[in-house]
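Below is one structure, written out as structure tokens, with a few remarks after it.
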Amino acid sequence: MTTGVNSNPASSAPASSANNATSQLSSNFDTFLQLLTTQLQHQDPLDPMDTSQFTQQLVEYSQVEQQIDSNTNLQTLISQGTSQSAAYATSYLGKTVTVSGGEGSLSNGQAQWTYNLATAATSTTLSITDAHGNVVYSGSGPTAAGNNAVTWNGVDNAGNQLPDGTYTLAVKATAGGQTVTSSVTSVGTVSEIDMSNGTPQLLIGSMEVPLSSISSVKN
């Protein structure tokens, strides 16, 4: 099994942006001080200028500088948190995980889900959609209370073999005209961690799964 971690070297861009903002603020502040000094040197001694506006601008410059510093510190904390998340995510490599939410990976023409019914149903309809939300398969399913296993061979209702990828199973179960509560999970092995968007995504086959969708892990 091939494993790997994709990383994004562009994480330093926010810090560069903060540095540019600080540099620009410093340049503007220097220009402001030069103008203030020039006006003070050439003011009429009998009618001195009102410096209250300059004092207010000095206060505003100080507030902006503090805000830039705060943003820089916040970005540093976010970067540290992202690094920690990436390190934590790598612990999932090679592990078998349970994914909640209904998404499953069709790999080598096979996808497996488990759905749980709170009570026995009189009718259960299974619908499988592709990554674009199109229903590619629908049919009846087991109606027993508890866990029910579903294995799909990737063949749609028209008899076409669909490509491997991410598919979602939805379950609609009823009993006596009332909806039966259901939940859907799938199981797969994590082969890769994708960090290209800054947030760790676990890859199961070609399916990307956020850490928040993982409900259990086992070796």
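Position 1 is the first residue of the sequence; numbering continues from there.
In this structure, Met207 is not a member of the same hydrophobic cluster as Leu106, with clusters built from ILVMFWY side-chain heavy atoms closer than 4.5 Å. Cluster membership check: Leu211 shares its hydrophobic cluster with Ile193, using side-chain heavy-atom separations under 4.5 Å among Ile, Leu, Val, Met, Phe, Trp and Tyr. With hydrophobic clusters built from ILVMFWY side chains whose heavy atoms lie under 4.5 angstrom apart, Leu93 shares a cluster with Val217.
Shortest non-hydrogen contact noted between Tyr92 and Val190 is O-CB, 3.3 Å. Of all heavy-atom pairs spanning Glu208 and Glu103, the tightest one is O-OE1, 4.0 Å. Of all heavy-atom pairs between Gly165 and Ser206, the closest is CA-OG, 3.3 Å. Residues Ser186 and Gln112 share a closest heavy-atom pair of CB-O, 3.5 Å. Here the closest non-hydrogen pair linking Ala118 and Ala145 is O-CB, 4.5 Å. Of all non-hydrogen atoms in Gly102 and Trp113, the two that sit nearest each other are O-NE1, 2.9 Å.
Atom CD1 in Ile214 sits 7.5 Å away from atom OG in Ser100 (nearest 0.5 Å). The line from NZ of Lys95 to OG of Ser191 is 14.5 Å long, rounded to the nearest 0.5 Å. Separating the CD atom in Gln201 from the CG atom in Leu203 is a distance of 8.0 Å, to the nearest 0.5 Å.
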Report task. Check the pair Leu126, Leu169 against side chain to side chain contact (heavy atoms under 4.5 Å, CB included), reporting the backbone distance first and the verdict last. Result -> CA-CA 7 Å; Leu126 309 179; Leu169 173 67; 3.9 Å; yes
Could you go through the side chain to side chain contact (heavy atoms under 4.5 Å, CB included) check for Thr129 and Tyr137 one step at a time? CA-CA 7 Å; Thr129 55; Tyr137 174 84; over 6 Å; no
Walk me through whether Thr189 and Ile204 qualify under side chain to side chain contact (heavy atoms under 4.5 Å, CB included). CA-CA 6 Å; Thr189 301; Ile204 302 173; 5.8 Å; no
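A heavy-atom distance below 4.5 Å is not found between the side chains of Thr185 and Tyr115.
Using modelled atom types, one side-chain atom of Asp164 and one backbone atom of Gly109 make a donor-acceptor pair closer than 3.5 Å. A side-chain donor-acceptor contact under 3.5 Å links Thr124 to the backbone of Pro142. The closest donor-acceptor contact from the side chain of Ser215 to the backbone of Val99 lies at 3.5 Å or more, if one exists at all.
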Please tabulate, for the side chains in residues 171-182, all donor-acceptor contacts under 3.5 angstrom to protein atoms that are two or more places apart in sequence or on a different chain.
none

Could you list the donor-acceptor pairs under 3.5 angstrom formed between side-chain atoms of residues 147-157 and any protein atom two or more places apart in sequence or on another chain?
unit_1: Asn147; atom_1: OD1; unit_2: Asn116; atom_2: ND2; d: 2.9
unit_1: Asn148; atom_1: ND2; unit_2: Ala144; atom_2: O; d: 2.9
unit_1: Asn148; atom_1: ND2; unit_2: Gly146; atom_2: O; d: 3.2
unit_1: Trp152; atom_1: NE1; unit_2: Val155; atom_2: O; d: 3.0
unit_1: Asn153; atom_1: OD1; unit_2: Val155; atom_2: N; d: 3.0
unit_1: Asp156; atom_1: OD1; unit_2: Ala158; atom_2: N; d: 2.9
unit_1: Asp156; atom_1: OD1; unit_2: Gly159; atom_2: N; d: 2.9
unit_1: Asp156; atom_1: OD1; unit_2: Asn160; atom_2: N; d: 2.7
unit_1: Asp156; atom_1: OD2; unit_2: Asn160; atom_2: ND2; d: 3.3
unit_1: Asn157; atom_1: OD1; unit_2: Ser138; atom_2: N; d: 2.8
unit_1: Asn157; atom_1: ND2; unit_2: Ser138; atom_2: O; d: 3.3

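For Asn134, the CG atom counts as densely surrounded, since its 6.0 Å shell holds more than 12 non-hydrogen atoms of other residues, nucleotides or ligands.
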